[in-house]
Amino acid sequence: MNIFAICSFSGVQFGWQSLKFWHLLRNSKLQGLTFRRVFTKEQVGGLCRILSQNSETITSLEFVNCKLSSSFIDAICGSLFLKGKQSHGVKQFTIQASKFTDANMNSLPDKFVSFLSSGRSLSSLSLCDNHLQRSFAKLALKTLLDAASNLSSLDLSENNISGWLSDFLHKSSNQAQFSLEISKSLRSLRVLNLRGNNLHKNDAEDLKFALVHMPVLETLDLSDNPIGDGGISSLVLQDLMSSDECFRSLIPYFSQTGEHYSLANLNLKNCMLSCDGVTELLEVLTKLKYTLTSLSIADNHLGR
């Protein structure tokens with residue numbers, strides 16, 4: 001019998017003495033799990049047992065306010081693989097407001113790489129407010145690109161990943177094969193949240209090359225990043241008539257082509273924009289062949 005569909009654990013100390021606890025869960029077929037305040041090896045061992053028991057049914061997994069080492073992440077991801085297979089059925093994976101104890105990683109944990117690479121069902125990845133640096137974000141992006149992932153939502157908000165796309169311009173302009181790979185990997189992305197990452201003008205310039213490969217993107221959140229007018233100018237150039245010019249700007253989104261694209265929600269709140277920068281943005285938006293559903297330019301310096 002399916003006892004629970006969704007279960008949440010907060011600061012639970014799992015142990016072999018909790019036989020009654022394991023007895024209650026032995027027939028469960030959990031689909032959604034949330035773990036809070038996981039800090040110790042004992043806690044990780046217990047939660048891995050739960051994950052292993054429910055690996056065939058789990059579709060949503062969330063960690064909040066946890067402290068995770070590389071070995072902990074490896075153990076957790078290893079518990080999610082289906083028996084006898086190097087694949088899993090997780091659709092939504094979230095690590096939020098947590099701390100990665102190996103702050104300056106030169107490589108991602110092996111099982112985490114396998115988790116990202118083998119999950120064809122993985123549609124939502126959220127690594128929000130974890131004090132991540134650009135090295136981690138770069139490695140995660142590379143893994144997703146190599147795996148030709150089917151992500152529809154990527155949330156990297158509230159970290160510090162300025163420079164994470166610095167390789168994009170060089171590779172995309174010099175390697176046709178790289179351009180093909182990213183087209184396959186990012187074409188399903190509908191939501192991209194980069195809020196509060198200390199992104200600057202150079203990051204906006206790098207971002208435009210990535211956005212070219214997201215034809216179904218619906219929501220783009222760049223709020224709380226000091227990209228300034230220079231960043232907006234990089235993203236929304238006017239008089240976009242030739243294909244070369246289209247590639248050098250936020251195309252296919254802000255263009256005068258006849259094609260339809262799906263960007264509906266754009267958040268530029270608190271991006272250190274001036275009245276001139278917002279005016280330039282609005283002039284381009286009025287020429288779009290489609291209509292935005294929402295646009296936020298709040299908390300910018302719009303006074304003359």
Side-chain angles (χ1 to χ4, degrees), residues 128 132-134 137-138 141 154-173 186 189 191-215 217-257 259 261-304:
C128 171
L132 298 179
Q133 303 298 309
R134 67 177 180 180
K138 276 187 174 185
L141 177 64
L154 178 60
D155 184 352
L156 295 174
S157 60
E158 304 298 336
N159 291 295
N160 187 20
I161 61 173
S162 179
W164 75 300
L165 290 174
S166 59
D167 294 336
F168 227 103
L169 172 58
H170 174 73
K171 289 185 177 180
S172 60
S173 61
L186 301 177
L189 200 63
V191 178
L192 179 60
N193 189 346
L194 298 175
R195 182 187 72 248
N197 270 296
N198 195 34
L199 303 181
H200 292 76
K201 175 186 175 182
N202 290 341
D203 296 294
E205 292 175 347
D206 294 333
L207 178 61
K208 66 187 177 186
F209 288 93
L211 292 173
V212 171
H213 302 279
M214 304 176 191
L217 191 69
E218 297 175 354
T219 298
L220 175 62
D221 191 343
L222 293 174
S223 60
D224 298 327
N225 287 295
I227 60 175
D229 290 350
I232 286 297
S233 296
S234 298
L235 294 177
V236 290
L237 298 179
Q238 301 183 54
D239 301 320
L240 305 173
M241 303 302 292
S242 72
S243 59
D244 287 341
E245 287 176 328
C246 287
F247 185 71
R248 290 197 299 270
S249 60
L250 181 51
I251 300 301
Y253 311 103
F254 303 134
S255 74
Q256 298 177 21
T257 67
E259 295 185 60
Y261 292 93
S262 55
L263 186 69
N265 308 294
L266 179 62
N267 192 345
L268 296 172
K269 177 182 177 182
N270 190 28
C271 286
M272 296 185 68
L273 306 180
S274 71
C275 182
D276 291 339
V278 171
T279 298
E280 181 182 12
L281 169 66
L282 295 178
E283 287 176 349
V284 175
L285 292 179
T286 59
K287 300 175 183 178
L288 292 178
K289 302 299 183 180
Y290 58 93
T291 303
L292 290 179
T293 301
S294 68
L295 168 67
S296 177
I297 52 175
D299 297 333
N300 286 294
H301 309 291
L302 303 185
R304 285 288 186 180

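Taking CG from Asp155 and CG from Asn193, the interatomic distance works out to 4.0 Å, rounded to the nearest 0.5 Å. Taking CD of Glu205 as the reference point, atom CD1 of Ile227 lies at 11.0 Å (rounded to 0.5 Å). Distance check: Met214 CE to Leu189 CG gives 5.5 Å after rounding to the nearest 0.5 Å. For the atom pair CG of Leu156 and CG of Leu141, the computed distance is 8.5 Å after rounding to the nearest 0.5 Å.
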Using side-chain hydrogen bond (donor to acceptor under 3.5 Å, both in side chains), reason through Ser274 and Asp229 one step at a time and then give a plain yes or no. CA-CA 7 Å; Ser274 71; Asp229 290 350; 2.3 Å; yes

Audit row: Ser294, Asn265, side-chain hydrogen bond (donor to acceptor under 3.5 Å, both in side chains) steps and yes/no: CA-CA 5 Å; Ser294 68; Asn265 308 294; 2.8 Å; yes

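Pairing each heavy atom of Ile232 with each of Leu281, the nearest pair is CG2-CB, 4.3 Å. Closest heavy-atom contact between Arg134 and Ile161: CB-O, 3.7 Å. The two residues Gly230 and Lys201 make their nearest non-hydrogen contact at C-CG, 3.8 Å. In this structure, Leu165 and Ala210 approach most closely via the heavy-atom pair CD1-CB, 4.4 Å. Closest heavy-atom contact between His301 and Met272: CD2-CA, 4.2 Å.
Residues Asn202 and His200 have side chains not in contact (no heavy-atom distance under 4.5 Å, counting atoms from C-beta outward). With a 4.5 Å cut-off on side-chain heavy atoms, Asp221 and Leu194 do not count as touching. Proximity of Leu132 to Asn197: side-chain heavy atoms (C-beta onward) are nowhere separated by under 4.5 Å. At least one side-chain heavy atom of Leu295 sits under 4.5 Å from a side-chain heavy atom of Leu282. No side-chain heavy atom of Val191 sits less than 4.5 Å from a side-chain heavy atom of Leu220. In this structure, the side chains of Ser223 and Asn267 come closer than 4.5 Å at one or more pairs of heavy atoms. Contact annotation: the side chain of Asn300 approaches that of Cys271 to within less than 4.5 Å [non-hydrogen atoms, C-beta and beyond]. The shortest side-chain heavy-atom distance between Thr219 and Leu192 does not fall under the 4.5 Å cut-off.
Checking side-chain atoms of Asn159 against main-chain N and O of Ser157 turns up a donor-acceptor pair under 3.5 Å. Checked by atom type and distance alone, the side chain of Asn225 pairs as donor or acceptor with a backbone atom of Leu199 at under 3.5 Å.
Side chains of Ser162 and Asp203: a donor on one and an acceptor on the other come within 3.5 Å.
The neighbour count for Lys138 NZ, taken as heavy atoms of other residues, nucleotides or ligands under 6.0 Å away, is above 12.
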